[in-house]
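Single-structure report; data block below.
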There are 4 protein chains.
Amino acid sequence: MSPRTKKQYKEIRKEKRAIIMEAAVEVFAEKTFMGASVSMITKKAGVSKGLLYNYFESKEDLLRQIIFEGFEEFAHVFDPNKDGSLTENEFKYFIDETFRLLQKDTYFWKLYFSIVMQPDVMLLVQDKIMEMIGPFLQTLTEYYEKKGVENPMAYARLMGSIMDGVSMNYLVDPEGFPVEDIKKILIDKFK
Amino acid sequence: MSPRTKKQYKEIRKEKRAIIMEAAVEVFAEKTFMGASVSMITKKAGVSKGLLYNYFESKEDLLRQIIFEGFEEFAHVFDPNKDGSLTENEFKYFIDETFRLLQKDTYFWKLYFSIVMQPDVMLLVQDKIMEMIGPFLQTLTEYYEKKGVENPMAYARLMGSIMDGVSMNYLVDPEGFPVEDIKKILIDKFK
Amino acid sequence: MSPRTKKQYKEIRKEKRAIIMEAAVEVFAEKTFMGASVSMITKKAGVSKGLLYNYFESKEDLLRQIIFEGFEEFAHVFDPNKDGSLTENEFKYFIDETFRLLQKDTYFWKLYFSIVMQPDVMLLVQDKIMEMIGPFLQTLTEYYEKKGVENPMAYARLMGSIMDGVSMNYLVDPEGFPVEDIKKILIDKFK
Amino acid sequence: MSPRTKKQYKEIRKEKRAIIMEAAVEVFAEKTFMGASVSMITKKAGVSKGLLYNYFESKEDLLRQIIFEGFEEFAHVFDPNKDGSLTENEFKYFIDETFRLLQKDTYFWKLYFSIVMQPDVMLLVQDKIMEMIGPFLQTLTEYYEKKGVENPMAYARLMGSIMDGVSMNYLVDPEGFPVEDIKKILIDKFK
DNA sequence: CATGAATGAGATTTCATTCAT
DNA sequence: TATGAATGAAATCTCATTCAT
């Protein structure tokens with residue numbers, strides 16, 4: 001298939017489905033999945049309630065599709081070569097990119113982290129998330145293996161946890177969070 | 001027959017209150033604050049719905065009291081000397097104690113982390129949480145100041161974020177999380 | 001039976017039953033029968049909820065007893081001779097006494113007028129109230145008969161209605177109500 | 001199929017709103033505001049409980065709207081010239097119209113008088129009611145001023161009170177109330 | 001494709017009343 | 001006689017979802 005032109009993309013985004021999803025990410029992020037009502041979303045999207053159910057089977061389905069599409073983009077950031085291996089430069093790039101995405105897709109990541117600790121909701125998207133995180137940890141583990149650390153798996157798990165914690169704290173208080181300093185420390189200690 | 005003494009009533013209230021709160025922590029942790037219904041809680045506690053309101057003004061009040069009392073204990077763990085200053089040994093102790101508490105009060109900490117990313121809910125307990133985290137970061141900052149690092153505040157913020165991320169990942173998958181290895185790495189790199 | 005001494009009366013009033021009834025009149029007057037909760041009443045009375053049910057079968061019974069005893073006193077005011085006939089002087093006295101009672105037993109009369117338009121609640125006390133109002137209208141009718149007006153029954157009904165309306169308006173805004181002027185007009189026009 | 005037009009929706013809303021309000025006036029009048037439940041109202045209106053909240057923000061809002069719209073009509077009856085001044089003929093017309101409205105909108109006026117002595121409920125509609133009664137008393141005062149009575153304000157207050165009392169007694173027992181005779185006496189004594 | 005009125009289950013909360021002590 | 005913890009029915013209100021148009 002030939003790649004879509006920019007104009008086509010813009011049209012797709014402007015589609016009702018995209019409009020609803022964009023509104024939903026915001027409302028979900030601000031109110032959480034359970035706290036957000038379908039009415040809030042359709043009101044923000046400027047469409048009728050009925051229309052939402054033309055595009056999505058349910059509120060849960062809407063969440064699922066948001067998470068699925070959101071993670072697609074993230075997949076391209078980490079290990080862009082797709083060769084499953086990581087250079088030291090790519091490691092730095094990964095940290096930079098993480099913060100860039102947090103900034104760009106703030107609502108999405110707020111939503112993501114609001115879901116992580118909610119077993120019932122997490123269940124809806126767990127498969128997709130595991131699908132992302134598995135290779136991510138795998139690649140990190142290999143990275144630390146190559147560096148010759150004693151327990152590369154623990155390093156990888158720790159690094160993943162750190163990025164979670166750092167992301168959350170950044171999202172909660174972006175102004176007060178010393179991003180650049182922390183990036184430097186992380187690269188210094190974990191590259 | 002003469003009524004129960006004041007002391008007897010007090011005892012009854014203390015015990016029932018504890019029973020309800022214990023049930024509530026579990027249900028909140030599993031379903032989140034918004035997803036948990038008062039019915040679920042009272043059913044698990046084995047009391048009538050009405051009784052909950054004899055002990056707590058509202059569902060929100062119940063949450064607040066759980067968070068307040070849960071944090072009181074945590075306050076004693078970090079910087080046990082209460083002198084606002086931290087030795088290297090105390091730093092290690094703090095990391096050990098963190099995991100001990102995560103294990104002991106799993107439900108409470110699951111609840112806590114499920115709240116952090118929910119602005120509306122966070123609002124209910126923000127004051128108490130800030131009251132805890134402020135001094136915590138302050139002490140950590142001074143710790144890194146004394147160690148002579150370049151930007152102690154960033155170190156402290158990072159360390160706080162790391163403990164958040166590590167705790168969350170541990171809570172989601174306690175079996176698979178390499179606690180001991182990670183403790184070692186953390187102490188090695190951040191003590 | 002010999003009349004009770006003052007001390008005995010005081011003791012009776014101080015009895016729990018009286019204490020509860022006094023608290024109840026206030027709360028009923030301020031919150032209406034349906035809006036007042038048993039808890040409010042017992043709290044104001046400084047007794048336990050259980051005790052109320054020692055003295056009164058139900059909230060409804062409590063209201064009934066309040067209304068019954070309240071009207072006993074009123075019975076003595078109107079037509080104090082009990083001869084069923086009214087002089088012009090007694091008519092004036094009746095109007096004076098009405099306002100005196102409104103002032104003395106404000107809560108009771110507020111309660112009374114809050115009940116009048118509530119069929120369900122009125123049902124509880126209707127018998128007693130009819131028992132009072134019947135003779136009252138009868139006496140008034142005879143009064144106007146003797147004065148030779150064309151339709152004495154209508155005069156009596158009107159006079160009763162007027163006293164209702166005047167009482168209500170006085171109770172709602174005692175400060176702003178021109179009591180003395182209105183008394184004068186009433187006596188002038190209807191004596 | 002294409003959705004209904006805006007106009008069609010507006011029509012539906014207008015009609016359903018009226019149906020609910022009519023049911024509500026009846027139930028409020030019979031049970032009082034506090035004694036009436038939303039269930040009773042929606043059952044009588046033949047709609048679901050949820051629908052009421054599509055049209056009114058709350059039970060209180062429903063009451064407010066009923067009172068507001070009910071008083072609008074009354075405003076046209078009294079002083080129909082809107083010139084703030086009253087002729088003797090208009091005075092008679094006003095008394096006639098009062099009874100006509102009591103007959104036509106019995107439920108509404110029962111509701112109104114059931115509210116007057118309930119401070120908590122009165123609060124909800126006080127503004128609107130004051131807005132009506134203020135000018136009413138003002139006009140009456142001027143009327144009696146022009147007639148040269150000694151204390152026109154007292155006359156006005158009395159006349160207002162009388163209409164309250166008469167209306168209440170008529171509403172409680174319309175059959176037994178000698179309307180025509182009483183009208184005559186009132187006009188005779190207070191025109 | 002699009003609307004929004006309508007439903008009904010379920011949420012939080014209140015409260016008259018009971019009862020063990 | 002007196003207490004207040006406890007109950008359960010019912011109240012107000014919310015909201016995901018359906019459906020006639």
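First the proteins, then the strands, lettered A, B, ... as listed; each starts at 1. Because the structure is a prediction, the values reported are computed rather than measured.
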Legend entry - 4.5 Å side-chain heavy-atom contact, A:L63 and A:V121: yes
Legend entry - Positions of residues 28-44 of chain C (non-hydrogen atom under 4.0 Å from DNA chain F), listed by number: none
Inset, instruction - Could you tell me whether the phosphate oxygens of F:dA5, OP1 or OP2, come under 4.0 Å of any side-chain nitrogen or oxygen in B:R13? - result: yes
Inset, instruction - Report yes if at least one side-chain N or O of B:K16 is closer than 4.0 Å to OP1 or OP2 of F:dA6; otherwise report no. - result: yes
Legend entry - Heavy-atom check, side chain of D:Q65 versus side chain of D:R17, under 4.5 Å: yes
Legend entry - Secondary structure string for DNA chain F (Watson-Crick or G-U under 3.5 angstrom, | for other-strand pairs): .||||||||||||||||||||
Inset, instruction - For D:D120 and E:dT14, give me the distance from atom CG to atom C1', rounded to whole Å. - result: 15 Å
Inset, instruction - Can you sort out the partners of A:S39 under side chain to side chain contact (heavy atoms under 4.5 Å, CB included), two or more places apart, ordered by chain and number? - result: A:S37, A:K49
Legend entry - salt bridge (Lys or Arg N to Asp or Glu O under 4.0 Å) against D:R13, all qualifying residues, sequence neighbours excluded: none
Legend entry - side chain to side chain contact (heavy atoms under 4.5 Å, CB included) partners of A:K43, counting only residues at least two apart: none
Inset, instruction - For D:K31, check salt bridge (Lys or Arg N to Asp or Glu O under 4.0 Å) against everything at least two apart and list the hits. - result: C:D120
Legend entry - Rounded interatomic separation in angstrom, taking OH from D:Y9 and P from E:dA2: 14 Å
Legend entry - Value in whole Å for how far the C1' atom of F:dA20 lies from CD of D:E11: 17 Å
Legend entry - D:R4 side-chain N/O to F:dA20 phosphate OP1/OP2 under 4.0 Å: no
Legend entry - Qualifying residues under salt bridge (Lys or Arg N to Asp or Glu O under 4.0 Å), relative to B:E30, sequence neighbours excluded: none
Inset, instruction - Using heavy atoms and a sub-4.0 Å distance, could you list which residues of residues 45-65 of chain B are near DNA chain E? By number, please. - result: B:K49, B:G50, B:Y53, B:S58, B:K59
Inset, instruction - Would you mind listing every ring pair (Phe, Tyr, Trp, His ring centres under 6.0 Å) that reaches into residues 5-52 of chain B, with sequence neighbours excluded? - result: B:F28-B:F33
Legend entry - Partner residues of C:E72 under the side chain to side chain contact (heavy atoms under 4.5 Å, CB included) criterion, sequence neighbours left out: C:K128
Legend entry - Partners meeting salt bridge (Lys or Arg N to Asp or Glu O under 4.0 Å) with A:R64 (sequence neighbours left out): A:D61
Legend entry - Euclidean distance, atom CD of residue B:Q8 to atom C1' of F:dA6 [Å, nearest integer]: 16 Å
Inset, instruction - Write out all pairs satisfying ring pair (Phe, Tyr, Trp, His ring centres under 6.0 Å) with one or both partners inside residues 38-72 of chain B, taking only residues at least two apart or from two chains. - result: B:F71-B:F108, B:F71-B:W109, B:F71-B:Y112
